[in-house]
Every structure is written in structure tokens, then in C-alpha cells.
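Data block below; observations after.
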Amino acid sequence: MTAENERSDFIRDMVKEHLASGRFDRVQTRFPPEPNGYLHIGHVKAIAMDFGVAEDFGGICSLRFDDTNPAKEEEEYVEAIKEDIKWLGYDWGDRLFFASDYFDQLYEFALQLIKAGKAYVDDLSAEEIREYRGTLTEPGKNSPYRERSVEENLDLFKRMRAGEFQQGEKVLRAKIDMAHPNMNMRDPVMYRILHKEHHRTGDKWPIYPMYDWAHGQSDSLEGVTHSLCSIEYKNHRPLYDWFLDQLGIFHPQQIEFARFNMTYTVMSKRRLVQIVKEGYVRGWDDPRMITLAGMRRAGISPEAIRAFIDHVGVGLSPSTIQYSKFDHFVRDDLNRRASRVNGVINPLKVVLDNYPEGKVELMEFPNHPDDPSRGTREVPFSRELYIERDDFREDPPKKFWRLAPGREVRLRYGYLVTCTGVIKDEGGEVVEVHCDVDPETRGGNAPDGRRVKGTLHWVSADQALDVEVRLYDRLFNHPFPLEAEGEFTDYINPDSLVIVDGAKVEPSLKEAAVGDRFQFERVGYFVVDPDSTPERLVFNRTIALRDSWAKIEKQYEGKQ
RNA sequence: UGGGGAGUGGUGCAAUGGUAGCACAGAGGCCUUUGGAGCCUUUGAUCUUGGUUCGAAUCCAGGCUCCCCAGCCA
């Protein structure tokens, strides 16, 4: 990395100090997802920090699944998460770990704490434990079982492990301070009894470690130097440190940083699940979802997501990123990446009356106007074409530069044409536009140098491919759906998916493969959806092009 | 009214005692065979009250606001 693009933030500064002071002589991090759901845009910040910090300092980053709660976790998610991280472009090498790998060691550590008089078996019920814990402003009180002898605790804990007790009957707790101002230090539960099959350890264990007990020790066992996590764990750091100190084992440094929110969406796993379960979207990979699977299907590249995350920033204060910022990075990436093609979403037939019937010319189009090295392709032009219905107005408003009766426009890389008349159906709707073509303007240039302001995209009617187009838009129509009145689901955007069946695209798209991204000129960016068949392509709109005409028109209407 | 964090343009991030800058968004313009892209210009901010200092976004004290914590979730 060059000095120029070296990232700097308070975490990297801290790591730098640790290296300079000799506290650590290397950097190792980990990304620790719980396999109970799909990764979303919020996780990318954590992934980018974990892998990015390690990379910046020549260190390593591992992937460790935090699978300490078999009631919620499933193998399916493990695979999905691995796939998503790989897709994003991060590599954990051979360092794929599971907290469940350490269950035996954790058990030994627990025995050690019990012997040191630092942990005890408690018979209080979950409800009683809550009552004894006190409140935010009142201290808790000691459990009547807190002073059991080491021998009794050892015996009881071993029997817990042997499966002698029912779920909820007993827990192992750390013996710290029931009056501690930090609730996490009021004798936190280390183990609970769960007679549940674990996705990796099967029925070997009737007891499972809690997050606080598993996480720091897992970090330590792996040799993690910097354990980066989100801000809500700040209050857990004293406990993280306490366990490590009591055990006297390698002591990683936990560093917290803030998560972010985005407008027009919800980020919590719980609500994402709700959206899927209640059928507001088609699944976890619905292109409207901010899951990695959803964004991938929407046609957003991993590079765009990473660039966006780079600009989110790292701090300790909660932030809400405007969706337009995300849009910017999506467009910026696609603008450079996507080849241009012609696609008409809402076709209106145009007949060129003075163009010979049956004649087909092949017009040369650049694949990318800003990058000639990407070559050209030939697109058929003929007497009958389709243009976008929005590109014709019988009664054009001010500043509308497109086609209208008597108007001349350029058919991009085709010809200059002038509208001579229209044909309407019984309902008065224009069904066909008639034009005359200027034969001297092949390619779209006027030999006399006259200026033609409007340029339209088009496809030749005979050769056009019929495709399905799915026009996606943001899932919510309120910037803060969780803060708005009523249920957040009340603000699901009813127009977030509009399926168009009769779209027409140029024939070169015949060979397009699933995942290929294109810019339909003047319309937006599209990707070939997995639902496509050899007979019929399905395109998802990733994002529309910026539409400054829409803004002008809106202002114009506003003035009336 | 316990403990822990955080307050800089509309949004997000910089400035680490010395000219408050960048990005996105907004506005205006140039250019254009995409009303795209690009280019130029531009509006707009240090939560508050005191204090220290030649000088404070930065240090100190008080106040205000917001976020997190009372799972046998992570």
C-alpha cells in the first residue's frame, strides 16, 4: 500500500501504537459471525475492518463462527456466509475456525476458574437470576448458592456436563461482584444447560458456553491480537479482560467501533427475517434486500460495496448513511464496468415511412463510449423500430428535447428522423409514431452541421429480443421506517418491484449469461437474473441512471 | 435518578493548541451522438455556558442532547 491511499482511523492508529510499543509484534484479527442468518451490508464494515487491518499491517485474519447457541444456528448459514465473504473478495486461507472447536478447552478453563473460587454453580431460575441482578440504578444481591464449596461446584458442574440436569435447572456463573455498576460484571452466566443437537458437535454437549465466556478465550487460543467488534460490546470489555486475567492466558486487545445505519432500509437481522418470513420480498436474495446475496442478485459488484464501505468511516458515534451515498458508489462502479446496450422498457412503435421495406443496415455502436478499447458491435436498423414511450410527447412541455410531432431527433448511431404523424387507438392513445429519415445522416451526424439536441435509444422491431425486466427500487418509501408512525412494514414501497413483460432489447444480448451487467443506455444498469432461461432472459434493474429530466419536469410542474 | 460511549455543513468523515477541509446530497454553469459520464463554480458546520491560552473543534469545568447495558442471545 502506498502512503497516498493508506487508510487511517483510530483503530489503525491504536494498532500502530501497539506495534511501536512492543505490546504486540504482529497483527491477527478475526471475523466472528454467528451462523444464524445472512450477511448484510452492515457486516461488510466489520469484515472490511477485520480483514483490512490485518492486511494493512502484514498480519492475518481468520474466519471464526461463533456457534455457541445450537438453538439458533444452522449449517446452512455457515455455507452462505463463507460464500458471501469469498464473493466480497476476502480470503481467510486455511484459518476457518469454530468456537465449538474449543468446547473441550473452554470446559477445562471453567474447571480452572471453579478451582480458583472464581465460578460457581447456581440453582436459581432464569427469572430469579434476573431479580437478583438488580437494576441499572440498584445493586444486585448475591445468590444463596454463591458460597458453595469448590468441591461442590466441581461436582455439580461435572454433573451438568454429564447431562444429569434439565434445561434451565442450573448454570455456571462467574463470581465477580453483584453490586458492580456494569451489569455485565454482576456474576455473568458462563454456561447454560441446553439439550440441543449442535450442528458440529452433535449431542456431545448438554451445556453450552455463553458468548462472553467463549469469545475472549477463543481469541486467545487462536492468538488473535486485536479483537475488533461493534460498540455494544464496549460494556463487555471489562468482562473480556477479567476472564483472560483470571486464566492468565494470552491477552488480546478488544477494540470497539460503531455500526452504521442507512436511510430507507432496516439493518437488524430480526427485521430482515421478518421481511422475508412475511413475504414482503421473495427471499434472502431478493434484489431489494441489503443482504450480500440480495445485492449480488441485484447486480451490485463486490468492488462497489467495498468502495462504499471505505467511505462510511470508522468512529464511535452512531451514524446514518444516506442511501444516495450508496447509490453513488453503485453507479460509479457500474458506469466504468458495464457495457452499453439498447433496451426499450416500455416500447412504442416507430415506422420510418421513407425507409425501404425489408432493408436492414448494421449500425456500429461503441461498447463503451468512454473506453474505445472495449470495441464496437453491430446493431440492426430497419424500417420499424421501438423507442421508449416516454421519449415521445404529443404535446411536449418546455425543455422536452425528445420526439414530438414535427420534431427532429437523433436515433443514436442510427439516423436523424423527423416525426410526421401518429396513429392512435380508439382510446386516443398513441400506438404508432411515423417519421421520415434523413438518408444523409447515417450514424447520426448531420452533414450540414445542424444541431439536434435529443438523442434516443431504439431497437429494430424484427430483430428485437423479448425479455422480462424487473424494475427494482428501494424497499422503503420512508427514510426512517423504524421511527415513523406505525409499523415499519407500513412503509414498504409498493413500487419497489415492477415487473415488465414486454421489454425489447437488441439482439446482441442473445448471448448474455447470468450475472452479466449492462447499461441500457439512457435507462439504467441491468443484470441477467438466474431466473433466465435460454428462451427468455430476465433482467433486474440494479439502479436507474440519474435522471435530470425528471428533476426539471418536477420543478416545471411545481411552478404551475 | 447507576455505568459506558458520542456530539463538526442536510448526511458521513477529517483537522490531534495555529487558515475548519474532503465526499455524498443541493444550487448554478460548461461540455456531450446517453437529459448518463466528465469538467468548473457555489450554498452550507464546530451542542451550550464559562475558563485556560497570544491563539481552542482540539485542553479544563458545568450544563444540554443522543446512543448502549437489567438474555440461561450474540
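All values reported here derive from a predicted model rather than from experimental measurement. Order of the sequence lines sets the chain letters (A, B, ...), proteins ahead of strands, with each chain counted from 1.
Between the base of B:G10 and the side chain of A:Q322 there is a donor-acceptor pair shorter than 3.5 Å. One can find a donor-acceptor pair under 3.5 Å joining the base of B:C68 and the side-chain atoms of A:N235. Side chain A:D390 to base B:G35: no donor-acceptor pair is found below 3.5 Å.
The CZ atom of A:F326 sits 16 Å away from the C1' atom of B:U11 (whole-angstrom rounding). A:K325 places its NZ atom 15 Å from the P atom of B:G10, with the value rounded to the nearest Å.
The residue A:I207 sits apart from the nucleic acid: no heavy atom pair falls under 4.0 Å. Residue A:S317 is in sugar-phosphate contact alone, with no base atom involved, counting any heavy-atom pair closer than 4.0 Å across all strands shown. Among the heavy atoms of the strands lying under 4.0 Å from A:I321 are primed sugar atoms or P, OP1, OP2 only; no base atom is included. Among the protein residues, A:Y208 comes within range of no part of the nucleic acid, since none of its heavy atoms lies under 4.0 Å from any strand. Within 4.0 Å (heavy atoms only), A:T320 reaches sugar-phosphate atoms of the nucleic acid but no base atom. Base contact: A:I552 has a heavy atom under 4.0 Å from a base atom. As judged by a 4.0 angstrom heavy-atom cut-off over every strand, A:L456 is placed among residues making no nucleic acid contact.
Proximity of A:K453 to the phosphate of B:U32: no side-chain N or O atom is located under 4.0 Å from OP1 or OP2. Look at A:R237 and you won't find any side-chain N or O under 4.0 angstrom from OP1 or OP2 of B:G4. Taking side-chain N and O atoms only, A:R546 has a distance below 4.0 Å to OP1 or OP2 of B:A25.
Side-chain polar atoms of A:E521 and A:Y413 form no donor-acceptor pair below 3.5 angstrom.
Residues from residues 259-267 of chain A placing a heavy atom under 4.0 Å of any atom in RNA chain B do not occur.
Closest approach to the A:S319 side chain among B:C24, B:C13, B:U34 is made by B:C13 (side chain taken as heavy atoms from C-beta onward).
Relative to the six-membered ring of A:W458, A:R412 misses at least one condition, a distance below 6.0 Å or an angle of at most 45° to the axis.
By the side chain to side chain donor-acceptor pair (under 3.5 Å) test, A:T29 pairs with no residue at all, sequence neighbours left out.
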